[in-house]
*Asks:* 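If you scroll down you'll find the structure; I have some questions about it.
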There are 2 protein chains.
Amino acid sequence: MAMTISQLAKGAGVGVETVRFYQRKGLLDDPRPSRTGREGQKHYGPDDLRRLRFVRSAQGAGFTLSEIAELLALDAGHDRPRAREMARTRLEAIDQEIARLETARQALHKLARECARGDAGPCPIIAAFES
Amino acid sequence: MAMTISQLAKGAGVGVETVRFYQRKGLLDDPRPSRTGREGQKHYGPDDLRRLRFVRSAQGAGFTLSEIAELLALDAGHDRPRAREMARTRLEAIDQEIARLETARQALHKLARECARGDAGPCPIIAAFES
DNA sequence: ATAGCTTGCGTACCATGGTACGGAGTCAAG
DNA sequence: CTTGACTCCGTACCATGGTACGCAAGCTAT
């Protein structure tokens, strides 16, 4: 069950350097080197993998690495109201972001439409963003 | 009609330093200092403001500054197919991003729901992201 | 045993998008 | 005529999220 750092990294689709980077940031455990197996080598279990995958998912949800560190601290702790607050805040930010993207989508769609006919001549790109 | 740099900046809601940064990046014109008005001072017209606002809008659409530089070059030029291609590519990226955010939204919603009851005790944050 | 891979560690470097700082000049008002 | 506001310019610095580099030590297959 024990994994090396490169197996751990592979399992989450990240690079070894990234794992170490997260360890330095306190996002991941940095286990004591153990004497089982290779001398001085660290190894990792399924929990580490879950945690690493969590970091990537939470990043996908737009949390910064330091927010993720806070979430992880909460997970170990008991401050549910704080956890809910963070979730709510992020949820609002996500909704705003989605709205912003929908707007951008319209502008781009307009750009594509206005450039649609003809293959030469100026195409009013700046005007397409005046919405 | 001529504006100073700070008026230009204010008109687009950015800082003076940001305007100069964009000039250094080639996103904005860097006019020759003129002899009208204050000696050695530059000034800007409505086109500069439109352009600056365009930069901010395009950034909002998720373009990087160097992509925006390319769009601006296209706007001056005649490569419509390229402009359409950029728009299409970005459109796809935006759709993916929206989908990603919707997923994240679900995860966060789940997190908030699972932490909803009780104000103490552990709250399965990591589990909430296992989707 | 020697090459080659992986590990661990620390430090340096990268891109992106700015922000800040310091010095020097110009101008208008008090 | 000094003070304050604004300008110009160059350079330095910042956070974020990594990526790369170099070194020593260990395992493993040849």
Side-chain angles (χ1 to χ4, degrees), chain A residues 2-45 48 52-72 90 93 97 100, chain B residues 2-45 48 52-72 90 93 97 100:
Chain A
M3 318 160 92
T4 67
I5 192 170
S6 57
Q7 288 167 336
L8 174 64
K10 192 160 293 180
V14 304
V16 167
E17 301 300 331
T18 303
V19 172
R20 290 209 247 261
F21 175 70
Y22 290 167
Q23 289 174 339
R24 287 193 289 257
K25 291 280 170 178
L27 294 170
L28 257 38
D29 278 348
D30 191 357
R32 295 307 88 219
S34 73
R35 313 125 233 80
T36 27
R38 278 175 173 79
E39 193 54 42
Q41 200 159 319
K42 301 171 174 186
H43 39 69
Y44 304 86
D48 297 296
L52 178 51
R53 286 189 170 142
F54 164 73
V55 172
R56 301 302 282 191
S57 301
Q59 256 187 310
F63 287 101
T64 66
L65 296 185
S66 43
E67 286 170 336
I68 294 170
E70 192 178 351
L71 281 174
L72 287 165
R90 212 23 348 242
E97 182 71 3
R100 201 187 58 75
Chain B
M3 318 160 92
T4 67
I5 193 171
S6 59
Q7 288 166 336
L8 174 64
K10 192 160 292 179
V14 305
V16 166
E17 300 301 331
T18 304
V19 171
R20 289 209 245 262
F21 176 71
Y22 289 166
Q23 289 175 338
R24 285 192 291 257
K25 291 280 171 178
L27 295 170
L28 258 38
D29 279 347
D30 192 355
R32 295 307 89 221
S34 72
R35 315 126 234 82
T36 26
R38 278 174 172 79
E39 193 53 40
Q41 200 160 318
K42 302 171 174 183
H43 41 70
Y44 305 86
D48 297 297
L52 178 51
R53 285 188 172 143
F54 164 75
V55 172
R56 301 301 282 189
S57 300
Q59 257 187 310
F63 287 101
T64 65
L65 296 185
S66 44
E67 286 169 337
I68 294 169
E70 193 177 351
L71 282 174
L72 286 166
R90 206 39 329 250
E97 181 70 4
R100 201 186 58 75

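Proteins get letters first, then strands, A, B, ... in listed order; numbering begins at 1 in each. Only this structure's heavy atoms are used, side chains among them; waters, hydrogens and symmetry mates stay out.
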*Asks:* Between side-chain atoms of residues 5-14 of chain B and protein atoms elsewhere (two or more places apart, or another chain), which donor-acceptor pairs fall under 3.5 Å?
*Replies:*
unit_1	atom_1	unit_2	atom_2	d
B/Ser6	OG	B/Thr4	OG1	3.3
B/Gln7	OE1	B/Thr4	N	2.9

*Asks:* Within less than 4.0 Å of OP1 or OP2 of C/dG18, is there a side-chain N or O belonging to B/Tyr22?
*Replies:* yes
*Asks:* Has B/Thr18 got a side-chain N or O lying under 4.0 Å from the OP1 or OP2 atom of C/dT19?
*Replies:* yes
*Asks:* Would you say B/Phe21 and B/Leu27 make side-chain contact, with heavy atoms under 4.5 Å?
*Replies:* no
*Asks:* Looking at every strand, decide which applies to B/Thr64 at a 4.0 Å heavy-atom threshold: base, sugar-phosphate, or nothing.
*Replies:* sugar-phosphate
*Asks:* Considering residues at least two apart in sequence or located in another chain, which fulfil the side chain to side chain donor-acceptor pair (under 3.5 Å) criterion with B/Asp30?
*Replies:* B/Lys42
*Asks:* Can you list the residues that meet the salt bridge (charged side-chain N to carboxylate O under 4.0 Å, His left out) rule with A/Glu70, with sequence neighbours excluded?
*Replies:* A/Arg82
*Asks:* Who passes side chain to side chain donor-acceptor pair (under 3.5 Å) against B/Tyr44, sequence neighbours left out?
*Replies:* B/Gln23
*Asks:* Residues in side chain to side chain donor-acceptor pair (under 3.5 Å) with B/Glu97, at least two apart?
*Replies:* B/Arg100
*Asks:* What one-letter contact string describes nucleotides 7-13 of chain D from 5' to 3', where B marks a base within less than 4.0 Å of any protein heavy atom, S marks contact via sugar-phosphate atoms alone, and - marks no contact?
*Replies:* SBS-B--
*Asks:* Taking atom C1' of D/dA5 as reference, at what distance in whole Å does atom NZ of B/Lys10 sit?
*Replies:* 12 Å
*Asks:* Rounded off to whole Å, could you give me the CZ-to-P distance for the B/Phe21 and C/dA15 pair?
*Replies:* 13 Å
*Asks:* For A/Leu27 and D/dT16, give me the distance from atom CG to atom P, rounded to whole Å.
*Replies:* 12 Å
*Asks:* Nearest nucleotide by nearest heavy atom, which residue falls closer to the 5' end of DNA chain C, B/Phe63 or B/Glu39?
*Replies:* B/Phe63
